[in-house]
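Here is the structure we will look at, set down as structure tokens.
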Amino acid sequence: MTDPQYASVRYLVDDVSAAVEFYTTHLGFALHTSAAPAFADVVRGPLRLLLSGPASSGARATPTDVAAAGHNRIHLVVDDLDAEIDRLRGAGVSFRSELVSGPGGRQILLADPAGNLIELFQPAHRLAAGATATS
């Protein structure tokens with residue numbers, strides 16, 4: 001039975017070890033379990049991210065017409081988006097979008113090594129002094 005303290009999302013990845021390293025090194029996830037190279041899962045707060053490699057049952061059950069990465073994304077709320085962007089750029093992580101601001105806050109997209117999208121989001125009520133949210 002699944003642990004009720006987590007909401008789980010499955011990402012299909014090309015390399016489970018590279019995905020684990022990316023999420024634990026750059027985005028504050030912790031390794032929960034590993035059956036690499038087929039599967040591992042990492043956790044951050046209530047999110048359990050299932051990283052399924054090509055040999056995993058999760059990847060094998062996925063129809064080929066929807067198996068490509070990048071059609072969905074996880075949404076991670078951060079307190080200081082500018083600091084996170086600086087930290088990640090300093091670590092060599094590249095972004096898939098420019099910084100976007102709107103009435104609800106600001107966001108930017110990056111991708112894991114397999115191309116799965118991650119949205120870093122700072123809600124408007126957490127904007128640092130001097131930063132503004134625009135439409």
Side-chain angles (χ1 to χ4, degrees):
M1 180 167 270
T2 318
D3 189 334
Q5 72 178 340
Y6 296 120
S8 298
V9 174
R10 183 180 309 280
Y11 266 177
L12 303 181
V13 299
D14 300 325
D15 182 330
V16 170
S17 295
V20 167
E21 181 178 347
F22 177 83
Y23 284 98
T24 59
T25 300
H26 299 300
L27 298 176
F29 282 80
L31 180 64
H32 188 255
T33 58
S34 179
F39 170 85
D41 63 331
V42 292
V43 296
R44 176 181 164 169
L47 174 60
R48 178 175 171 237
L49 190 55
L50 312 171
L51 303 169
S52 296
S56 71
S57 60
R60 291 191 318 264
T62 304
T64 56
D65 62 331
V66 294
H71 296 288
N72 295 299
R73 61 186 181 230
I74 60 172
H75 173 94
L76 302 177
V77 176
V78 299
D79 290 324
D80 186 340
L81 185 57
D82 295 321
E84 287 298 311
I85 292 169
D86 290 344
R87 181 183 66 78
L88 291 165
R89 281 197 175 127
V93 174
S94 59
F95 291 87
R96 298 293 309 271
S97 75
E98 296 298 320
L99 182 64
V100 175
S101 295
R106 301 171 7 177
Q107 66 181 337
I108 195 166
L109 299 178
L110 60 144
D112 72 12
N116 293 299
L117 292 176
I118 299 106
E119 175 184 327
L120 300 181
F121 179 78
Q122 182 178 357
H125 69 277
R126 293 188 188 178
L127 289 176
T132 60
T134 60
S135 62

- prompt: Could you give all pairs that pass the salt bridge (Lys or Arg N to Asp or Glu O under 4.0 Å) test and reach residues 33-46, with sequence neighbours left out?
  reply: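 Every pair satisfying salt bridge (Lys or Arg N to Asp or Glu O under 4.0 Å) with a residue in residues 33-46: Asp41-Arg48.
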message: Under the criterion side chain to side chain contact (heavy atoms under 4.5 Å, CB included), I'd like the reasoning laid out for Val20 against Phe29: C-alpha separation, chi angles, the key distance, then a yes or no.
response: CA-CA 9 Å; Val20 167; Phe29 282 80; over 6 Å; no
message: To the closest 0.5 Å, what do you measure between NE2 (His75) and CD (Glu119)?
response: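 Those atoms lie 5.0 Å apart.
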field: Approximate separation, where rounding is to 0.5 Å, of Arg73 CZ and Leu110 CG
entry: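 Here the rounded value is 11.0 Å.
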field: Contacts of Ser97 that satisfy side chain to side chain donor-acceptor pair (under 3.5 Å) - sequence neighbours left out
entry: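 Side chain to side chain donor-acceptor pair (under 3.5 Å) list for Ser97, sorted by chain: empty.
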Does any part of the side chain of [Y], heavy atoms only, come nearer than 4.5 Å to the side chain of [X], both counted from C-beta?
X      : Y      : answer
Phe121 : Leu109 : no
Tyr23  : Leu51  : yes
Leu99  : Ile85  : yes
Val77  : Leu120 : no

Non-hydrogen atoms of [X] and [Y] that approach each other most closely:
X      : Y      : value
Ser56  : Ser52  : OG-CB, 3.1 Å
Ala124 : Pro103 : CB-O, 3.7 Å
Val16  : Ala40  : CG1-CB, 3.6 Å

message: For Tyr6 and Val43: C-alpha separation, side-chain torsions, deciding distance, then whether side chain to side chain contact (heavy atoms under 4.5 Å, CB included) applies.
response: CA-CA 8 Å; Tyr6 296 120; Val43 296; 3.7 Å; yes
message: So, using salt bridge (charged side-chain N to carboxylate O under 4.0 Å, His left out) as the criterion, who are the partners of Glu21 when residues are at least two apart?
response: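 Listed in chain order: nothing, the list is empty.
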- prompt: What residues form a salt bridge (charged side-chain N to carboxylate O under 4.0 Å, His left out) with Arg89, not counting sequence neighbours?
  reply: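 Salt bridge (charged side-chain N to carboxylate O under 4.0 Å, His left out) list for Arg89, sorted by chain: empty.
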query: Pick from Leu49, Leu27, Leu117: which one makes a side-chain contact (heavy atoms from CB on, under 4.5 Å) with Ile74?
result: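 Exactly one candidate clears the test, Leu49.
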- prompt: Using a side-chain heavy atom cutoff under 4.5 Å and only I, L, V, M, F, W and Y, what cluster partners does Phe39 have?
  reply: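 Its cluster mates, by chain and number, are Leu50.
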- prompt: What do you reckon, is CZ of Arg96 surrounded by more than 12 foreign heavy atoms closer than 6.0 Å?
  reply: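 Not more than 12 within 6.0 Å, no.
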query: Between the side chain of Asn116 and the main-chain N/O of Leu12, is any donor-acceptor distance below 3.5 Å?
result: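 It does hold such a pair.
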message: If we ignore hydrogens and angles and just use 3.5 Å, is the side chain of Gln122 paired with the main-chain N or O of Arg106 as donor and acceptor?
response: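 It does not hold such a pair.
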field: Val9-Val13 co-clustered via ILVMFWY side chain contacts under 4.5 Å
entry: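 Both belong to a single hydrophobic cluster.
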- prompt: What residues form a ring-ring contact (aromatic ring centres under 6.0 Å, His included) with Phe22, not counting sequence neighbours?
  reply: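 Phe22 satisfies ring-ring contact (aromatic ring centres under 6.0 Å, His included) with His26 only.
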- prompt: Going by atom types alone, do Tyr11 and Asp112 pair a side-chain donor with an acceptor below 3.5 Å?
  reply: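 There is no such pair (donor and acceptor under 3.5 Å, judged by atom type) between the side chains of Tyr11 and Asp112.
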